[in-house]
Every structure is written in C-alpha cells, then in structure tokens.
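Here's the structure we're looking at; comments come further down.
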2 protein chains.
Amino acid sequence: MKKTILVFSALIIALLILFRLSRYSYLSNDISVELTIGSIAVIFFFVGIYINKRTLHKEKLPHTQIDHKKIEQLGISKREYEVLVHISKGLSNKEIADTLFVSESTIKTHVSNLLVKLDAQRRTQAIKKAKELRILAI
Amino acid sequence: MKKTILVFSALIIALLILFRLSRYSYLSNDISVELTIGSIAVIFFFVGIYINKRTLHKEKLPHTQIDHKKIEQLGISKREYEVLVHISKGLSNKEIADTLFVSESTIKTHVSNLLVKLDAQRRTQAIKKAKELRILAI
DNA sequence: ACAAATTTGGTACTTTAGTATGAGCCTGTA
DNA sequence: TACAGGCTCATACTAAAGTACCAAATTTGT
C-alpha cells in the first residue's frame with residue numbers, strides 16, 4: 001500500500017517534470033521533441049513494469065485459486081475432498097481417520113473412490129494430478 | 001516468443017504513430033502537447049504492465065528455485081534426489097526402478113534413506129516436506 | 001592407491017495401501 | 001414416501017511400501 005502510493009507520487013512528479021521539459025523542447029523546435037516523447041515512452045514503460053511487478057508479487061504467491069467447478073465435474077464429494085487435502089499433507093489413512101473421527105475403513109473407501117475419480121493408481125499420483133487440475137493448492 | 005515479438009512490433013508501430021501525432025500537435029501549438037505526452041505516458045504505462053504480465057506468467061510458474069545447498073545439508077545424494085523427484089511425480093518403487101534401470105530393492109533402500117534424511121514417515125510426507133524445504137519444485 | 005562415500009542388491013519381515021463387495025444410516029428431493 | 005447420493009463401516013484379500021541388516025561393486029577425494 002505505502003509503496004503503491006509512493007510509486008504513484010513519483011509517477012505524478014515525473015509527469016510534471018516531463019511537461020516542463022516538453023515546453024522547452026517545444027520552444028527550441030528541433031528533433032528534441034521526438035527525443036522527449038521517446039524518453040517519456042521508455043520511462044512509463046518501465047514504470048508500468050515496476051508497478052506490475054509490485055502488485056503481482058503480493059498476489060501471486062498466496063493466490064492459488066482452487067477450481068471448485070473441476071471438483072464438481074469430477075464428482076468428488078465434500079468428504080472425499082477433505083480426505084484428499086489430508087493425503088496431500090502427507091498423512092496416513094489411520095491419521096486421517098483419527099483427525100476426522102471415523103474408522104480407517106471409511107478413509108480407505110474414500111481414498112479408493114478418489115483414485116478412481118482422479119484416474120490415479122496411487123495416492124502420490126493423486127496428489128500430483130490434483131495439483132495439476134488446480135483442485136489442490138500447489 | 002511469438003507473442004513477445006508481436007508485442008514489441010506493436011510497440012514500435014505505436015511509437016512511430018506517436019511521432020507523427022506529436023508533429024501535428026507541435027504545429028498547432030496549444031495544450032494538445034501536454035495531452036499528447038499524457039496519452040503517450042498512459043499508453044506505454046499499460047504496455048509495460050501487459051508485457052510484464054506476459055513474461056511473468058511464463059516464468060513464475062515453472063520458476064521455483066531449488067535450494068541445492070539444502071539438499072547437501074540434508075546429506076541427500078545425487079541418486080537419492082533422483083528417486084525423490086520420481087516419487088513426487090507419483091511413481092511407484094517398481095516404476096522408478098524401471099526408469100532408472102535398477103532393481104526395486106535399490107529403490108527401496110534409497111527411499112528408506114530419504115525418509116530418514118527428510119524426517120518423514122511416508123513418501124507423501126517426504127514430498128510435502130521436500131517442497132516446503134524448496135528442494136522440490138512446487 | 002587407499003579410505004570414504006555412494007550405489008547397488010538381496011532376504012525376510014512388518015506395516016500401509018488399495019480393491020472388492022456388501023450393508024446400514026441420513027438427507028434432500030421428485 | 002420412495003429413491004438416489006453420500007457417509008459410514010466391516011471383512012477378506014492382494015499389492016505396495018517401508019524396515020532392518022548385510023554385503024559387494026563403484027565412484028570419488030585426497
């Protein structure tokens with residue numbers, strides 16, 4: 001936030017300076033008009049890049065949108081998805097069963113269904129596929 | 001690549017057009033000089049943002065620097081790391097053995113050593129930890 | 001060349017994972 | 001209310017995964 005304000009302030013100041021500069025070049029009427037315009041273009045080009053980099057950095061890292069539509073498309077139920085999340089955390093079936101207060105048999109059933117729905121042969125493969133499909137945060 | 005070239009071509013063309021435009025405003029000597037400069041600034045500002053977005057998108061996703069120092073620190077050997085990469089791809093021990101042209105026993109040994117070095121109880125946990133430690137691309 | 005580390009592989013087990021099948025319980029809805 | 005879908009759980013397997021221990025062949029650094 002602070003940086004954005006600072007950058008915009010700098011942007012406005014630069015704009016004002018360039019206005020002054022343009023007046024001089026206008027009075028001296030030679031190729032410096034083209035030069036001025038060129039430098040303005042280059043400066044604002046890089047200003048754009050800089051600002052974009054600032055904003056993207058703060059958004060891209062925590063921003064890993066989960067494709068809820070995809071989850072629905074694959075027919076993965078709420079509970080199955082919960083299990084999938086726990087699998088990706090590296091938990092065993094027994095551990096997942098304990099955290100969700102159900103039996104290990106239940107988890108096995110969920111896992112088995114998940115593997116079919118994700119077209120995976122192993123839980124590790126399920127993790128990889130789920131991340132590729134953007135249904136799990138990478 | 002193609003898009004970058006296309007964008008840069010458009011940029012050059014825009015630059016040329018603005019040069020023509022600036023000549024007119026210079027002849028009619030009024031506030032249109034400021035207007036022209038303003039529009040140039042705005043246009044190139046957004047061009048900068050656009051190009052940055054293009055390049056960042058293609059670099060940021062596969063760009064996840066691997067901490068080679070960490071791998072060394074953990075005492076993970078070259079071959080063990082290879083196995084780790086294959087594990088994260090969702091391959092079974094047998095499949096890894098086949099792709100690396102060694103026996104399944106060998107892979108089991110490597111995996112066992114990896115689990116100790118990564119302080120993991122399961123291969124899924126090893127994947128998670130390895131990604132957290134930045135020794136595997138997320 | 002020698003020691004140290006790495007890689008390879010085997011046997012013998014134990015533990016997880018995963019499959020197949022069947023069944024009871026709830027809940028939203030036609 | 002009947003029925004589908006989702007959640008639960010069990011049994012009985014089969015298949016992987018992982019452990020422990022040992023040992024030989026290779027590679028690497030000094």
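Bear in mind that the values here come from a model prediction, so they are computed numbers and not experimental data. Here is the naming used below: chain letters follow the sequence lines, and residue numbers restart at 1 for every chain.
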**Complete:** Checking D:dC9, D:dG18, D:dC7 against the side chain of A:His110 (C-beta onward), the nearest is D:dC7
**Complete:** To the nearest 0.5 Å, atom NZ of B:Lys89 lies from atom NE2 of B:His86 at 4.5 Å
**Distance in angstrom units between A:Lys108 NZ and D:dA10 P, rounded** = 12 Å
**Request:** Please list residues of residues 99-106 of chain B whose heavy atoms come under 4.0 Å from any atom in DNA chain C, ordered by number; otherwise none.
**Result:** B:Val102, B:Ser103, B:Ser105, B:Thr106
**Message:** Clusters formed by hydrophobic residues whose side-chain heavy atoms approach within less than 4.5 Å: which one holds A:Ile71, and what are its other members?
**Reply:** A:Ile66, A:Leu74, A:Ile76, A:Tyr81, A:Val83, A:Leu84, A:Val85, A:Ile87, A:Leu91, A:Ile96, A:Leu100, A:Val102, A:Ile107, A:Val111, A:Leu114, A:Leu115, A:Leu118, A:Ile127, A:Leu133, A:Ile135, A:Leu136
**Those residues of residues 75-97 of chain B lying under 4.0 Å from DNA chain C by at least one heavy atom** = B:Ser77, B:Lys78, B:Arg79
**Request:** Go through DNA chain C in 5' to 3' direction and return only the first and the last nucleotide with some atom under 4.0 Å of chain A's heavy atoms.
**Result:** C:dA17 to C:dT19
**Request:** Identify, with sequence neighbours excluded, every residue that meets side-chain contact (heavy atoms from CB on, under 4.5 Å) alongside A:Val116.
**Result:** none
**Fill in**
In short, the helix from C:dA1-D:dT30 to C:dA30-D:dT1 is bent end to end, axes from five pairs each side, to 10°, by 60°
**Message:** Applying salt bridge (charged side-chain N to carboxylate O under 4.0 Å, His left out), can you list everything that pairs with B:Lys117, at least two apart in sequence or on another chain?
**Reply:** B:Glu80
**Request:** Test side chain to side chain contact (heavy atoms under 4.5 Å, CB included) on A:Lys108 and A:Glu104 and set out the steps.
**Result:** CA-CA 6 Å; A:Lys108 282 191 178 187; A:Glu104 197 186 339; 3.8 Å; yes
**Request:** Under the salt bridge (charged side-chain N to carboxylate O under 4.0 Å, His left out) rule, collect the residues that match up with B:Glu82, sequence neighbours excluded.
**Result:** B:Arg79
**Side-chain donor/acceptor of A:Lys70 to backbone N/O of A:Arg134, under 3.5 Å** = no
**Asked** Does B:Asp98 have any side-chain contact (heavy atoms from CB on, under 4.5 Å) partners at least two apart in sequence or in another chain, and if so, which?
**Response** B:Lys94
**Message:** Test of understanding: with side-chain contact (heavy atoms from CB on, under 4.5 Å), list the residues that count as partners of B:Ser103, not counting sequence neighbours.
**Reply:** B:Ser105, B:Thr106
**Message:** Once rounded to the nearest 0.5 Å, what's the spacing between atom CD of A:Gln73 and atom CG of A:Asp67?
**Reply:** 7.0 Å
**Distance (rounded to the nearest 0.5 Å) between B:Thr124 OG1 and A:Arg123 CZ** = 6.0 Å
**Prompt:** Can you name the residues that form a side chain to side chain donor-acceptor pair (under 3.5 Å) with B:Glu95, not counting sequence neighbours?
**Reply:** A:Arg122
**Request:** Can you establish whether the number of heavy atoms outside A:Glu132 located under 6.0 Å from its atom CD is more than 12?
**Result:** yes
**Neighbours of DNA chain C within residues 113-129 of chain B, by heavy-atom distance under 4.0 Å** = B:Arg122
